[in-house]
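I have placed the structure first, in the form of structure tokens, so that the comments after it can refer back to it.
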Amino acid sequence: MSAAKTTQGTPGAAPGDTSRPAPLLPGRGNRSRTRWELLALLIPGLIGLLLAFILPVLAMFRMSLNEHGTAGALVETISIASYQAVLSDPFYWQVIWNTLVMGFGCALAAVVLSYPLALFLVRTTSKWKGVLIALAIAPLLTSAVARTFGWIAILGDQGMINSVLLALGVVETPLRMNNNMFGSTVALVEILMPYSILAMISGFGRLNPALEEAAGSLGASKFKVFTKVTLPLTLPGIFTGFLLVFVLAISAFVTPRLMGGGRVFILATEIYNEATQTLNWPLASALAMILLVVFGLFILLYQRAVKRIDQG
Amino acid sequence: MSRTHIPVLGAGASILMLATACGGGGGAADEANGEVNILGYAAAFEDNYTAAVLDAFEEETGITANFVPAQNSAEMLGQLRSESGNPTIDVVIMDTSVANTAIAEGLLAELDPAEVPNVENVVEMGQNPDGYGPAVTFDNLTIIYNTESVTEPPASFSDLWEVPDNSVAIPAPPDIQGIALTVLTADEIGADYQQDIQPAIDRLAELAPKVQTWDPQPDSYQLVTNDSAQYAIAWNARSQFFSDESGGTLGAVSPEDGIAFQVNTINAIENSPNPEAATQFIDYALSPEAQEAFAAQMFYAPTISNVELPAEVAERVSSPEDPSIVEIDWAWMADERDGWTELWRRHVIGG
């Protein structure tokens with residue numbers, strides 16, 4: 001328990017040292033000036049955010065209020081026709097549902113597969129720890145397009161898995177593992193796993209081996225130590241990893257496009273089709289705004305969940 | 001504790017922002033004398049059109065012709081929309097249905113027949129009734145197959161209903177190849193596509209088990225050449241071109257049951273920086289030498305009546321006078337495409 005106590009002390013302070021750390025904002029007179037300095041430091045970032053995110057989103061919102069005229073012409077107006085078209089059509093509700101299911105599926109699978117890896121990487125005392133972490137996230141060095149084509153080579157009708165199954169006589173015709181939701185999800189999970197590993201490693205800050213040892217020495221079984229100590233302490237990291245993979249999956253375009261075979265209807269592919277094929281930019285913008293709202297809702301849910309864990 | 005998530009969330013948000021900021025501006029040459037900027041299809045079209053037409057135009061006129069590539073007509077429309085106040089493009093070669101949209105938005109300029117005399121040689125099917133740019137290339141839907149794995153090549157679109165399951169690649173609507181197949185299917189079963197398309201949709205639903213992908217990636221030609229799919233529907237010009245490129249592994253069939261034409265128009269841009277060079281180029285593009293050269297180079301059918309193709313080229317392109325052409329009203333289709341796409345998704349792909 002002494003280790004636990006130490007972690008609650010001031011970082012860097014020697015045990016028993018009762019001196020207070022130097023205040024970050026010395027003196028009342030300097031406080032407001034420092035605050036302004038901090039705000040000034042934020043300005044470049046805020047300008048970047050304004051130019052690269054807020055203004056484009058506002059422009060997209062404005063576009064979503066236009067209408068799709070005859071011959072595909074863009075009609076400048078103020079109308080909610082595109083939102084009505086989306087929300088009154090069961091097909092688009094199905095698209096939103098597909099998007100959420102794919103996002104949840106990818107996030108769940110990525111978290112389950114990444115958790116043991118992240119736990120190992122956090123705990124290992126190997127001198128190769130840095131190399132092992134680099135290896136875990138090394139796939140990020142390769143483009144998602146290249147990795148998606150790699151999965152096509154593995155899951156395709158004449159891919160590695162089907163070739164082996166056919167050669168062994170396990171199946172008579174190739175299994176359909178590509179050009180559908182299954183293939184898209186498998187590839188997305190692998191592509192997004194490095195993100196969940198990274199998120200979990202950074203979110204496992206509360207995990208303290210001393211607590212697990214203490215629970216073990218008090219008679220708890222390994223399973224009980226995991227469910228009562230390790231899992232609750234790593235839950236914030238799990239949530240962060242889940243959220244990150246979820247938002248990346250529901251906005252993913254390349255992999256569902258390349259591996260969906262035209263059978264995977266999700267918001268990202270619909271936005272692409274409306275923007276580049278049907279030329280209905282207002283509808284594409286309305287779908288993009290809806291996707292943004294879905295993002296916002298889930299980030300809100302995530303923050304509430306993390307808050308409850310912190311309070312608990 | 002929640003502080004530990006802020007950097008991760010921040011990193012996630014940055015990744016999302018970067019992922020969504022995928023637009024790109026096509027830079028084109030600024031205003032200059034003796035220059036014309038042509039927006040058209042990238043890759044094989046760009047290479048072959050430059051070799052067959054742009055280089056010869058430069059040699060003949062001394063005007064520098066710059067090809068500005070785009071992936072598809074929609075991307076071209078996006079560029080024209082974004083620079084409508086200050087265009088950098090003079091001429092655009094784009095699909096007729098998208099050109100209709102651009103005309104409706106005032107992005108394209110009418111042509112003066114006195115300045116573009118070759119327009120009068122364009123066949124009737126390629127003329128624009130309102131005086132905008134005419135057709136510059138014709139192409140038609142065809143069937144491609146892998147000559148090494150297919151022993152009995154299909155002769156018509158209806159043969160696709162008889163091939164093994166999971167062997168066909170079909171770009172479904174909103175891709176216009178899927179739209180053209182729908183029209184041909186309606187024609188085959190004797191239905192008028194502008195009156196009632198449901199019978200054709202029902203017939204296409206029977207094709208679904210044969211289809212491996214409704215969205216061939218990277219494209220039908222690659223899938224068939226490497227035998228990932230054994231059959232596909234595709235455009236004739238690229239089919240012939242890739243048949244040669246693949247050394248005959250990809251075979252192209254001229255279907256017996258109907259020809260559906262795709263039309264690329266050549267248009268002048270409203271308020272373009274080089275309007276005189278633009279009209280000069282359009283006139284050259286419609287000349288017999290340019291039309292013949294590009295047909296020989298990439299098997300796009302000429303759109304003018306006063307050109308005679310060498311026999312070896314003529315047999316590999318469809319003539320606009322072929323009696324089996326099934327005419328498609330692409331202007332009408334622009335308003336129906338969304339509805340057809342939805343029918344496909346509900347009854348063909350999902351069904």
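Just so we're clear, the structure is a prediction, and the values are computed from it rather than from any experiment. Only this structure's heavy atoms are used, side chains among them; waters, hydrogens and symmetry mates stay out.
Interface remark: Asp89(A) contributes side-chain atoms only to the contact with chain B (heavy atom separation under 4.5 Å). Neither the backbone nor the side chain of Asn180(A) has a heavy atom closer than 4.5 Å to any heavy atom of chain B. Only the side chain of Phe149(A) comes within less than 4.5 Å of a heavy atom of chain B; its backbone N, CA, C and O stay farther away. Neither the backbone nor the side chain of Phe253(A) comes within contact range of chain B; no heavy atom of the residue lies under 4.5 Å from a heavy atom of that chain.
Closest of all the heavy-atom pairs between Arg176(A) and Pro209(B) is NH2-O, 3.3 Å. Residues Ser228(B) and Gln158(A) approach most closely at CA-OE1, 3.5 Å, considering heavy atoms. Across all their heavy atoms, Arg81(B) and Leu279(A) have their closest contact at NH2-O, 4.3 Å. The minimum heavy-atom distance between Arg345(B) and Glu270(A), with the atom names listed, is NH1-OE1, 2.7 Å. Closest of all the heavy-atom pairs between Gly261(A) and Thr213(B) is CA-OG1, 3.3 Å. Between Ala74(B) and Ala275(A), the closest heavy-atom pair is CB-O, 4.5 Å.
In terms of heavy-atom pairs under 4.5 Å with chain A, the best-connected choice from Val211(B), Asn100(B), Asn166(B) is Asn166(B). Taking Asp227(B), Leu77(B), Val98(B) one by one and counting their heavy-atom pairs under 4.5 Å with chain A, the maximum is reached by Asp227(B). Contact tally against chain A (heavy-atom pairs below 4.5 Å) for Gln212(B), Arg337(B), Glu342(B): the top residue is Gln212(B). Of the residues considered (Gly262(A), Gly156(A), Pro174(A)), Gly262(A) shows the highest number of contacts with chain B, using heavy-atom pairs under 4.5 Å. With respect to chain A, the highest number of heavy-atom pairs below 4.5 Å among Pro174(B), Ala334(B), Ala169(B) belongs to Pro174(B).
A 6.0 Å sphere centred on CH2 of Trp93(A) holds no more than 12 heavy atoms belonging to other residues, nucleotides or ligands. With a 6.0 Å radius and a threshold of 12 heavy atoms from other residues, nucleotides or ligands, Glu327(B) has its CD atom at or below the threshold.
Between Asn179(A) and Trp214(B), the closest side-chain pair of non-hydrogen atoms is not below 4.5 Å. A heavy-atom distance below 4.5 Å is not found between the side chains of Gln71(B) and Thr276(A). Using a 4.5 Å cut-off on side-chain heavy atoms (C-beta onward), Glu274(A) and Asp338(B) make contact.
Interatomic distance, CD1 of Ile349(B) versus CZ of Arg263(A), reported as 8.0 Å (0.5 Å rounding). Taken from CD1 in Ile179(B) to CD in Gln277(A), the straight-line distance is 9.5 Å, to the nearest 0.5 Å. Atom OG1 of residue Thr341(B) and atom CG of residue Asn273(A) lie 8.0 Å apart, to the nearest 0.5 angstrom.
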